[in-house]
**Q** 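Dropping a structure here in structure tokens format, bear with me for questions.
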Amino acid sequence: MVTVISLGGSIVAPDNVDVEFLKKFVGLIRTFIEKDNRHFIFVVGGGSPARRYQSAYREISAGNIKDDEADWVGIMATRLNAQLVRAVMSEWCSQEVVTNPLEVDPLTGHVLVAAGWKPGFSTDYDAVLLAERFGADMVINLSNIEKVFTADPKIDPNARPIDKISWADFRAIVGDEWVPGKNVPFDPIASRHAHKIGMKVICAGGRNLDNLANILRGEEFVGTEIF
């Protein structure tokens, strides 16, 4: 059984690297590997380093901003974060960080770590492609929000949390266009492909490790199911 987790950079490096979180996260994963013989694929986002460097690029370039260049800056941040995650899980991960989800060898250990691929989408899309490649039935998307809302709650006071939502309705909320650094619960490009292949996605808060354990056990959890 392979579990694919899109691990938001906002969880790994919300400002600086969250060392305490990573220690606890590795401990949780160890439990599921040793007790249940689980296999995991982690696709790691860029977090604060991506936002800071993309912001610097936009400020320096003023009106001469290229989306591909902004994406590449963010992609390199995902690769730094992914290399860290691979290093702290190296006892289970013998393979190098994956940067192309279409060219990946079969799993040789209990853990595989992936990072950003190329411009045009986020690591969420890579997670969906890897879930499809390895026969996973869903993607667990961990970020700094506990649930998907009907609108941005920071802007719309009437925004409501959602427990379950269809891909058609979710895509009506996030749209179909990708913008580098776009802040949405799940990347529009990834959403389109997940919708096409019928892949379920669970969006949940990444810092609540007890809740993640419930998801991994198939128990009741706090989050949003998209199907």
Side-chain angles (χ1 to χ4, degrees), residues 1-48 78 81-82 84-93 97-98 107 109-115 122-128 130-132 134-149 161-165 170 183-187 190-191 194 199-227:
M1 179 180 182
V2 177
T3 300
V4 178
I5 296 180
S6 181
L7 186 59
S10 60
I11 304 301
V12 175
D15 186 13
N16 297 310
V17 175
D18 192 334
V19 173
E20 290 307 312
F21 165 77
L22 283 176
K23 286 180 181 178
K24 294 174 183 177
F25 185 74
V26 171
L28 176 68
I29 298 306
R30 179 186 299 278
T31 298
F32 279 91
I33 289 174
E34 294 181 351
K35 290 187 176 181
D36 300 335
N37 197 34
R38 293 282 282 268
H39 293 75
F40 293 91
I41 297 175
F42 301 107
V43 188
V44 189
S48 179
T78 74
N81 287 340
L84 173 61
V85 171
R86 184 200 173 277
V88 299
M89 296 191 178
S90 58
E91 64 180 293
W92 309 303
C93 181
V97 171
V98 172
L107 287 175
H110 282 276
V111 169
L112 183 70
V113 180
S122 78
T123 48
D124 291 339
Y125 181 55
D126 302 327
V128 173
L130 286 166
E132 183 180 19
F134 286 95
D137 59 359
M138 69 175 178
V139 171
I140 301 171
N141 182 57
L142 301 180
S143 69
N144 56 1
I145 62 170
E146 289 191 343
K147 290 187 178 185
V148 172
F149 280 72
I162 300 169
D163 293 325
K164 295 184 179 183
I165 187 171
F170 178 79
N183 187 20
V184 290
F186 204 68
D187 167 3
S191 298
M199 178 71 66
K200 181 171 77 170
V201 170
I202 292 176
C203 293
R207 297 190 177 284
N208 187 342
L209 294 180
D210 289 338
N211 192 56
L212 174 58
N214 288 342
I215 296 173
L216 295 175
R217 296 189 191 104
E219 298 174 357
E220 187 174 341
F221 64 90
V222 176
T224 300
E225 290 185 57
I226 315 172
F227 53 91

**Q** Counting only heavy atoms from other residues, nucleotides and ligands, does the tally under 6.0 Å from CG of N183 exceed 12?
**A**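 No, not enclosed.
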
**Q** Under a 3.5 Å distance rule, please check whether N141 uses its side chain to pair with a backbone N or O of F186 as donor and acceptor.
**A**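 Side chain of N141 to backbone of F186, a donor-acceptor pair under 3.5 Å: no, none is there.
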
**Q** Heavy-atom count check: over 12 atoms from other residues, nucleotides or ligands less than 6.0 Å from E219 CD?
**A**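 Count over threshold, so yes.
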
**Q** If you apply the rule side chain to side chain contact (heavy atoms under 4.5 Å, CB included), what do you find for F21 with L209, and how did you get there?
**A** CA-CA 9 Å; F21 165 77; L209 294 180; 3.8 Å; yes

**Q** Apply the test side chain to side chain contact (heavy atoms under 4.5 Å, CB included) to residues F40 and V113: give CA-CA distance (whole Å), side-chain angles for both, the deciding distance (0.1 Å), then the verdict.
**A** CA-CA 8 Å; F40 293 91; V113 180; over 6 Å; no

**Q** Is there a side-chain contact between V17 and L84, using heavy atoms and a 4.5 Å cut-off?
**A**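 Side-chain contact under 4.5 Å: yes.
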
**Q** Which heavy atom in A204 sits nearest to a heavy atom in I215, and how many Å separate them?
**A**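 Looking at all heavy atoms of both residues, the closest pair is CB-CD1, 3.8 Å.
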
**Q** Do the side chain of D124 and the main chain of D187 share a donor and acceptor less than 3.5 angstrom apart?
**A**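 It does hold such a pair.
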
**Q** Is it true that a side-chain atom of R38 and a backbone atom of L216 form a donor plus acceptor pair closer than 3.5 Å?
**A**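 Judged by distance alone, yes, a pair lies under 3.5 Å.
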
**Q** How long is the gap from CG on D163 to CZ on F221, to the nearest 0.5 Å?
**A**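 Separation between the atoms: 8.5 Å.
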
**Q** Working note: H39 + V111, criterion side chain to side chain contact (heavy atoms under 4.5 Å, CB included); need CA distance, chi angles, decisive distance, verdict.
**A** CA-CA 6 Å; H39 293 75; V111 169; over 6 Å; no

**Q** Between NZ of K24 and CG of D18, what distance do you get to the nearest 0.5 Å?
**A**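 Going from the NZ atom of K24 to the CG atom of D18 covers 8.5 Å.
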
**Q** Does a side-chain heavy-atom distance below 4.5 Å link V44 with V12?
**A**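 A side-chain contact under 4.5 Å exists here.
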
**Q** Please report the closest heavy-atom contact between P161 and K147, naming both atoms and the distance.
**A**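 P161 and K147 have their closest heavy atoms at CB-CD, 3.9 Å.
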
**Q** To the nearest 0.5 Å, how far apart are CE in M1 and CG in D137?
**A**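 Spacing of CE (M1) from CG (D137) equals 6.0 Å.
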
**Q** Considering only heavy atoms from C-beta outward, does the side chain of N144 approach that of P14 to under 4.5 Å?
**A**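 No. Closest side-chain heavy atoms not under 4.5 Å.
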
**Q** Count the heavy atoms of every other residue, nucleotide or ligand shown that sit under 6.0 Å from CD of E225, and state whether that count exceeds 12.
**A**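 Yes - once you tally the heavy atoms of other residues, nucleotides and ligands closer than 6.0 Å, there are more than 12.
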
**Q** Does some side-chain heavy atom of L112 sit less than 4.5 Å from a side-chain heavy atom of V98?
**A**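 A side-chain contact exists here, since the closest heavy-atom pair is under 4.5 Å.
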
**Q** Give the intermediate values and the outcome of side chain to side chain contact (heavy atoms under 4.5 Å, CB included) for residues V26 and W92.
**A** CA-CA 11 Å; V26 171; W92 309 303; 3.9 Å; yes

**Q** Considering non-hydrogen atoms only, spot the tightest contact between I226 and C203 and give its length.
**A**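 For I226 and C203, the tightest heavy-atom pair comes out as CD1-SG, 3.9 Å.
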
**Q** Under 3.5 Å, side chain of T224 to main-chain N/O of I162, donor-acceptor pair present?
**A**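 Present.
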
**Q** So, taking the atom named NE2 in H110 and the one named CG in D36, what distance separates them when rounded to the nearest 0.5 Å?
**A**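 Between atom NE2 of H110 and atom CG of D36 there are 11.0 Å.
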
**Q** Indicate, with yes or no, if the rings of F25 and F42 have centres closer together than 6.0 Å.
**A**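 So the answer is yes for these two rings.
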
**Q** Minimum heavy-atom separation for S10 to R207, with atom names?
**A**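 Closest approach of S10 to R207, heavy atoms only: O-NH2, 3.3 Å.
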
**Q** Please give me the minimum heavy-atom distance between N81 and A13, naming the atom from each residue.
**A**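 For N81 versus A13, the nearest heavy atoms are OD1-CB, 4.1 Å.
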
**Q** Going by heavy atoms in the side chains, are I5 and L142 under 4.5 Å from each other?
**A**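 With C-beta onward as the side chain, the pair touches.
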
**Q** Does the side chain of R30 come within less than 4.5 Å of E91's, by heavy atoms?
**A**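 Heavy-atom side-chain distance check passes, below 4.5 Å.
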
**Q** Between T31 and G27 (side chain of the first, backbone of the second, donor and acceptor by atom type, cut-off under 3.5 Å), is there such a pair?
**A**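 Indeed, once roles are kept as given, a pair shorter than 3.5 Å links the two residues.
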
**Q** Looking at every heavy atom in both G46 and T78, which two are closest together, and how far apart are they?
**A**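 Taking every non-hydrogen atom into account, N-CG2, 3.4 Å.
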
